[in-house]
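Naming convention: chains lettered A, B, ... in sequence-line order (proteins, then strands); numbering from 1 in each chain.
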Amino acid sequence: MSKLQPVRGTHDLLPGDSRAHRHVMDLARSTAALYGYEEMSTPIFEFTEVFKRTLGDVSDIVTKEMYTFQDKGGEWITLRPENTAGVARALISGGLSQNLPLKYFYGGPMFRYERPQKGRLRQFHQIGAELLGVAEALGDVEIIALGAHILKTLGVADQVKLELNTLGDSESRADYRASLVKYLSGHLNDLSAESRDRLERNPLRILDSKNEGDRRIVAGAPKLAEYLNPSSREFFQNVCAGLDALGIAYELNPHLVRGLDYYCHSAFEFTTEALGAQGAVLAGGRYDGLVETMGGPPTPGVGWAAGIERLAMLVGEVDNKANMIAVVPVGADMEAEAFAVTQELRAAGLCADLAFRGNMSKRLKRANRAGAVCAVLLGGDEAARGNVTLRDLGTGDQQEVARDGLLDHLKRYS
RNA sequence: GCGGGUGUAGCUCAGCUGGUUAGAGCACCUGAUUGUGGUUCAGGGGGUCGGGGGUUCAAGUCCCCUCACUCGCCCCA
């Protein structure tokens with residue numbers, strides 16, 4: 001490799017990848033629109049404080065994964081590692097909370113300074129949806145239904161399963177956390193080094209540890225479900241009932257948690273086995289405390305984000321290219337006419353291409369390689385009769401047609 | 001940030017225990033084909049063997065460092 005290489009964990013999206021990304025983005029956007037979620041974008045960088053406040057000083061994202069730098073004015077700036085914080089900031093700084101509830105869809109690049117792996121990059125792309133100002137369980141149901149709908153539209157529904165859990169409200173959660181820490185502290189010496197570390201900053205995460213010793217300890221730990229107060233229990237029952245009513249299948253996973261304090265009630269992940277260690281494809285939850293944490297008015301919220309690269313890998317090859325028509329002048333004297341015809345086709349909304357050089361044979365070869373479906377051959381003989389030759393590049397059949405009626409003959413290729 | 005694997009042409013790879021001018025398939029270019037692509041045939045271009053250092057008479061091959069990719073951990077989309 002020469003020195004000219006992309007920065008670690010970044011990739012060029014050449015047309016094949018770009019097409020796949022656009023496919024995911026377009027289908028997701030139009031599906032979201034069916035639910036009334038409109039696209040919005042926030043800047044790809046924010047003041048570092050925006051993420052520190054929302055993600056907490058101790059989360060991994062803040063402590064080791066943020067791309068942070070000082071700009072020329074001395075401000076601390078961070079490339080967004082996720083977009084919920086940006087949306088919440090926009091809600092506050094734009095005074096949007098006057099118009100609740102709000103439904104937003106977004107998509108774009110995110111940045112995390114991580115060790116790259118399959119399906120995990122330093123610059124990656126996410127789509128996401130946020131529902132703000134709805135405290136009802138029906139909001140959770142809708143946001144999950146939207147995610148499921150998009151996965152189905154993309155044709156990857158059979159490769160994923162929905163895992164669901166509840167964290168309860170802040171009261172239930174705080175009670176549980178306290179008793180979990182108490183229990184785990186009694187097994188301090190048997191916990192893995194990572195989990196001992198987590199015990200301080202993110203104890204709920206220990207429930208999801210992959211370490212076998214940890215799992216044995218966790219098996220005897222108090223259960224979150226037993227600490228749910230009546231209203232939290234009812235909320236979760238309503239979410240489940242709503243999903244049942246819509247026929248959305250899910251699996252309860254009591255170990256599915258979110259570390260940060262403003263998360264509550266539903267936590268969910270659509271996961272796959274197809275992407276190695278990166279199982280989560282579309283994940284989210286309820287974050288009623290977030291906006292307030294940032295200094296805004298108390299505003300309930302629920303949402304999810306999904307990795308476009310991961311979705312694109314599940315989707316596989318995408319062929320959404322327009323059918324191309326190659327215009328081929330037979331001799332140099334027909335080039336001007338060929339360009340005129342090409343422009344006519346383009347003006348009529350057809351995808352047309354005129355090679356920049358080469359004889360007829362070369363141009364046809366090029367057209368074939370580019371995947372053109374048909375070629376318009378412009379030769380002096382036909383021109384004298386007011387005609388052009390139409391060659392179907394799939395079948396090889398060709399016919400001479402009137403120059404004036406060309407567009408009619410080409411309509412079937414559009 | 002931690003541990004394992006890999007790195008030879010645009011792509012997929014071969015290259016035996018170190019030993020001449022580093023190979024193949026596909027792709028690309030030219031010609032057969034100055035009015036016909038996809039098939040065929042003939043020819044051609046393309047490599048500082050990821051980069052740097054070391055051992056040796058001799059390194060693609062052995063050693064060290066480094067970079068990138070990859071698998072897992074952490075964490076997450």
Side-chain angles (χ1 to χ4, degrees), chain A residues 1-11 14 24 55 58-65 81-84 107-128 147 160 192-195 197-198 201-202 205-206 208-211 256-259 269-272 275-284 303-314 326 328-334 355 358-383 389-398 400:
Chain A
M1 274 311 140
S2 78
K3 289 203 172 80
L4 267 187
Q5 57 190 5
V7 174
R8 183 178 211 185
T10 67
H11 277 105
L14 298 178
V24 170
L55 298 170
V58 294
S59 73
D60 266 39
I61 289 184
V62 168
T63 54
K64 67 174 199 189
E65 293 177 2
E82 51 90 36
N83 210 352
T84 305
M110 307 291 160
F111 305 84
R112 289 183 200 173
Y113 193 87
E114 301 184 278
R115 183 102 171 226
Q117 267 177 247
K118 181 192 184 83
R120 169 202 268 182
L121 300 166
R122 288 186 173 181
Q123 177 180 339
F124 62 107
H125 300 78
Q126 280 187 335
I127 51 173
V160 301
S192 67
E194 284 101 17
S195 288
D197 191 37
R198 280 188 284 220
R201 41 174 251 264
N202 202 347
R205 268 281 166 206
I206 297 174
D208 211 12
S209 175
K210 290 176 185 171
N211 180 285
L256 177 62
V257 295
R258 294 283 180 269
E269 280 183 15
F270 287 86
T271 59
T272 182
L275 298 178
Q278 275 61 248
V281 172
L282 185 155
W304 52 254
I308 296 182
E309 281 83 359
R310 292 183 185 178
L311 287 171
M313 279 192 279
L314 293 180
V328 179
V330 169
D333 56 330
M334 295 303 286
N359 58 28
M360 182 182 185
S361 176
K362 291 245 186 308
R363 291 182 197 238
L364 273 171
K365 187 177 215 131
R366 194 185 165 69
N368 189 63
R369 219 175 20 228
V373 291
C374 109
V376 177
L377 307 176
L378 302 169
D381 299 347
E382 302 97 298
T389 298
L390 221 53
R391 181 176 179 82
D392 186 302
L393 293 177
T395 64
D397 296 339
Q398 65 182 46
E400 204 171 310

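Summarising the geometry, the separation between CD on Gln117(A) and P on G4(B) is reported as 15 Å, rounded to the nearest angstrom. Look at CD on Glu309(A): it is 14 Å from P on A77(B), rounded to the nearest Å. The interatomic distance linking Asn359(A) (CG) with A32(B) (C1') rounds to 13 Å, in whole Å. Distance CD1 (Ile127(A)) to P (A77(B)): 13 Å, rounded to an integer number of Å. Protein atom CG of Leu256(A) is 11 Å distant from nucleotide atom P of C76(B), rounded to whole Å. In this structure, CD of Glu114(A) is placed 14 Å from P of C71(B), rounded to the nearest angstrom. Rounded to an integer number of Å, the gap from Gln5(A) CD to G7(B) C1' is 12 Å. One atom, CZ of Arg198(A), and another, P of C74(B), lie 6 Å apart when rounded to the nearest Å.
Note: His125(A) NE2 to Phe111(A) CZ = 7.0 Å, rounded to the nearest 0.5 Å. Distance check: Asp208(A) CG to Leu256(A) CG gives 7.0 Å after rounding to the nearest 0.5 Å.
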Is there any protein nitrogen or oxygen under 3.5 Å from a nitrogen or oxygen in nucleotides 36-41 of chain B, and what are the pairs?
{"unit_1": "U36(B)", "atom_1": "O2", "unit_2": "Arg391(A)", "atom_2": "NE", "d": "3.3"}
{"unit_1": "U36(B)", "atom_1": "O2", "unit_2": "Arg391(A)", "atom_2": "NH1", "d": "3.1"}
{"unit_1": "U36(B)", "atom_1": "O2", "unit_2": "Gln398(A)", "atom_2": "OE1", "d": "3.2"}
{"unit_1": "U36(B)", "atom_1": "N3", "unit_2": "Gln398(A)", "atom_2": "OE1", "d": "3.0"}
{"unit_1": "U36(B)", "atom_1": "N3", "unit_2": "Gln398(A)", "atom_2": "NE2", "d": "3.1"}
{"unit_1": "U36(B)", "atom_1": "O4", "unit_2": "Gln398(A)", "atom_2": "NE2", "d": "3.0"}
{"unit_1": "G37(B)", "atom_1": "OP1", "unit_2": "Ser361(A)", "atom_2": "OG", "d": "3.4"}
{"unit_1": "G37(B)", "atom_1": "N7", "unit_2": "Arg391(A)", "atom_2": "NE", "d": "3.4"}
{"unit_1": "G37(B)", "atom_1": "N7", "unit_2": "Arg391(A)", "atom_2": "NH2", "d": "2.8"}
{"unit_1": "G37(B)", "atom_1": "O6", "unit_2": "Arg391(A)", "atom_2": "NH2", "d": "2.8"}
{"unit_1": "G37(B)", "atom_1": "N1", "unit_2": "Leu393(A)", "atom_2": "O", "d": "2.8"}
{"unit_1": "G37(B)", "atom_1": "N2", "unit_2": "Asn368(A)", "atom_2": "OD1", "d": "2.6"}
{"unit_1": "G37(B)", "atom_1": "N2", "unit_2": "Leu393(A)", "atom_2": "O", "d": "2.3"}
{"unit_1": "G37(B)", "atom_1": "N3", "unit_2": "Asn368(A)", "atom_2": "OD1", "d": "3.2"}
{"unit_1": "G38(B)", "atom_1": "OP1", "unit_2": "Lys365(A)", "atom_2": "NZ", "d": "3.4"}
{"unit_1": "G38(B)", "atom_1": "O4'", "unit_2": "Asn368(A)", "atom_2": "ND2", "d": "3.0"}
{"unit_1": "G38(B)", "atom_1": "N2", "unit_2": "Gly394(A)", "atom_2": "O", "d": "2.9"}

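Distances shorter than 4.0 Å separate some side-chain N or O of Arg8(A) from OP1 or OP2 on A68(B).
Closest heavy-atom contact between Leu364(A) and Ala375(A): CD2-CB, 3.9 Å. Pro81(A) and Met110(A) get closest at one heavy-atom pair: O-CB, 3.9 Å. The two residues Glu269(A) and Ala283(A) have their closest heavy-atom pair at CG-CB, 3.4 Å.
Taking atom P in both U33(B) and U48(B), one finds a spacing of 37 Å when rounded to whole Å. On the P atoms, C26(B) is 29 Å away from U61(B), given to the nearest whole Å. As rounded to the nearest Å, U20(B) and C62(B) have P atoms that lie 16 Å from one another. Rounded to the nearest Å, the gap between the C1' atom of G72(B) and that of U66(B) is 23 Å. Between A59(B) and G19(B), the two C1' atoms lie 10 Å apart (nearest whole Å). G7(B) and C13(B) have their C1' atoms separated by 13 Å, given to the nearest Å. Annotation: A22(B) and C49(B) have their P atoms spaced 10 Å apart (nearest Å). If you take atom P in U55(B) and the same atom in A68(B), they sit 28 Å apart, rounded to whole Å.
Residue Ala283(A) is classed as a sugar-phosphate contact, given heavy-atom separations below 4.0 Å to backbone atoms only. At a threshold of 4.0 angstrom between heavy atoms, the contacts of Val281(A) are confined to the sugar-phosphate backbone, with no base atom among them. Note on Gly380(A): a base of the nucleic acid sits closer than 4.0 angstrom, heavy atoms only. Residue-level contact check: Gly9(A) touches the backbone only, with heavy atoms under 4.0 Å from sugar-phosphate atoms and none from bases. At a threshold of 4.0 angstrom between heavy atoms, the contacts of Gly128(A) with the nucleic acid are absent. Residue-level contact check: Leu314(A) touches neither bases nor backbone, having no heavy atom under 4.0 Å from any strand.
Here G60(B) sits opposite no nucleotide as a Watson-Crick or G-U wobble pair (both hydrogen-bonding atom distances under 3.5 Å). Base-pair partner of G72(B): C2(B) (Watson-Crick or G-U wobble, both distances under 3.5 Å). With a 3.5 Å ceiling on both atom-pair distances, the Watson-Crick or G-U wobble partner of G23(B) is C13(B). Searching all strands for a Watson-Crick or G-U wobble partner of G35(B) with both distances below 3.5 Å returns nothing.
Side chain Arg120(A) to base A77(B): no donor-acceptor pair is found below 3.5 Å. Between the side chain of Arg115(A) and the base of C73(B), no donor-acceptor pair of N or O atoms lies under 3.5 Å.
Evaluation of the salt bridge (Lys or Arg N to Asp or Glu O under 4.0 Å) test over residues 118-128 of chain A, restricted to residues two or more places apart or in two chains, returns Glu114(A)-Arg120(A).
Heavy-atom distances to RNA chain B give each of Asp208(A) and Ile308(A) a nearest nucleotide, and the one nearer the 5′ end belongs to Asp208(A). Nearest-nucleotide positions on RNA chain B place Tyr113(A) closer to the 5' end than the other of Tyr113(A) and Leu378(A).
The closest donor-acceptor contact from the side chain of Arg391(A) to the backbone of Leu377(A) lies at 3.5 Å or more, if one exists at all.
Contacts of Arg115(A) classified as side-chain contact (heavy atoms from CB on, under 4.5 Å), with partners at least two apart in sequence or in another chain: Arg8(A).
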For side-chain contact (heavy atoms from CB on, under 4.5 Å), just list the numbers for Val160(A) and Leu282(A), CA-CA rounded to whole Å, side-chain angles, deciding distance to a tenth of an Å, and then say yes or no.
CA-CA 9 Å; Val160(A) 301; Leu282(A) 185 155; over 6 Å; no
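Between the side chains of Gln398(A) and Thr389(A), no donor-acceptor pair of N or O atoms lies under 3.5 Å.
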